[in-house]
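Shown next, in structure tokens, is the structure this report addresses.
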Amino acid sequence: MAATTATKSKLDAVLLAAQDQARQAAEEQAGDWGVGEWIGAEANSDLTLTHSFACPHPGYVGWRWTVTMARVPRARSGTITEVDLLPGDTSLLAPAWVPWSQRLQPGDVRPGMVLPTPENDPRLEPGFTGGELAADEDPAEWAATRVVVAELGLGRERVLSDYGRTTAASRWIRQGGPDDQSSRLAPGECVACGYFVRLAGALGNVFGVCANEYSPSDGRVVSVDHGCGGHSDIVIESSGDTDMPAPVFDTISIDHPIFD
């Protein structure tokens, strides 16, 4: 193939003729991957030049081995300065790196993992801990304040902000709201179910937790207008006490005694 010329520098004749030397350097670097045909050369300056060779590896289609050579003035041979494997215009590249904070998805935190909370997390705002009282305040007033703080469930450095409550409510409505198939076929809403445990605070106006172990929503946050087939108001009327049948033990297909 014809050599590729640069606009500012011309190809050095000595370096251009050193294709075999450049190929040998590329083969030493490539190993079993191999080195393909010579693609061309590009002048980096008057006395530096880069040879390019195709990479035949099937996992690097479109990539090329580049061998940069340099020559000191009046020298009759060049020196290998660098060997690289570089992508071409049509090469398949890895996607751009994304910081972990942007890659993190709901549910990614596993047992043993620690997820730090940024200081400027918009989901949180400063809470009331009682530490705002000066050290020389009346001890009785301090003690009374701490009791009230504890009873109200406060005493935390940070609490949910309005934004944090709104985003949480949006997630919970999607997974336990009134618009799924379970709610549409339910005999009643969660707000009237005995298994419904309402949350405290502002979110308790709309949400609670299901405590029915047989419900698909057991242990999950559900809205007051959610529903399922395990509603507590659905009962079976019985005409009286019914004795349970005696247990039946399989003594034919089991070879060993079942009461050992």
What's the shortest heavy-atom distance between [X] and [Y], and which atoms?
X	Y	value
Lys10	Ala43	O-CB, 3.7 Å
Arg64	Pro87	NH1-O, 3.1 Å
Gly62	Ser91	O-OG, 3.0 Å
Phe53	Ala26	CD1-CB, 4.4 Å
Ala211	Val197	CB-CG2, 4.1 Å
Gly194	Ser232	N-OG, 2.6 Å

query = Is there a donor in the side chain of Ser52 and an acceptor in the side chain of Thr66, or the other way round, less than 3.5 Å apart?
reply = no
ask   = Can Asp180 and Ser182 be counted as having a side-chain donor-acceptor contact under 3.5 angstrom?
value = no
So how far is it from [X] [atom1] to [Y] [atom2], rounded to the nearest 0.5 Å?
X	Y	atom1	atom2	result
Glu82	Gln29	CD	CD	10.0 Å
Asp179	Asp225	CG	CG	8.0 Å
Arg123	Asp162	CZ	CG	14.5 Å
His57	Leu85	NE2	CG	10.0 Å
Trp33	Trp65	CH2	CH2	6.5 Å
Leu49	Thr68	CG	OG1	8.5 Å

Shared hydrophobic cluster for [X] and [Y] (ILVMFWY, side-chain gaps under 4.5 Å):
X	Y	value
Val14	Trp38	no
Leu93	Trp97	no
Leu199	Ile173	yes
Ile80	Leu15	yes
Leu203	Val209	yes

Say whether, by atom type as modelled, one donor and one acceptor occur between the side chain of [X] and the main chain of [Y] under 3.5 angstrom.
X	Y	value
Arg165	Leu160	yes
Asp218	Ser215	no
Gln21	Gly78	yes

Just so I know, are the side chains of [X] and [Y] near enough to count as touching, which here means a heavy-atom distance under 4.5 Å?
X	Y	answer
Leu47	Pro73	yes
Ser223	Pro178	yes
His231	Asn212	no
Trp172	Val206	no
His226	Phe207	no
Asp12	Asp46	no

side-chain contact (heavy atoms from CB on, under 4.5 Å) partners for Ala75, two or more places apart = Arg71, Val72
request  = Inspect the surroundings of CG in Leu92 and state if more than 12 heavy atoms from other residues, nucleotides or ligands are less than 6.0 Å away.
outcome  = no
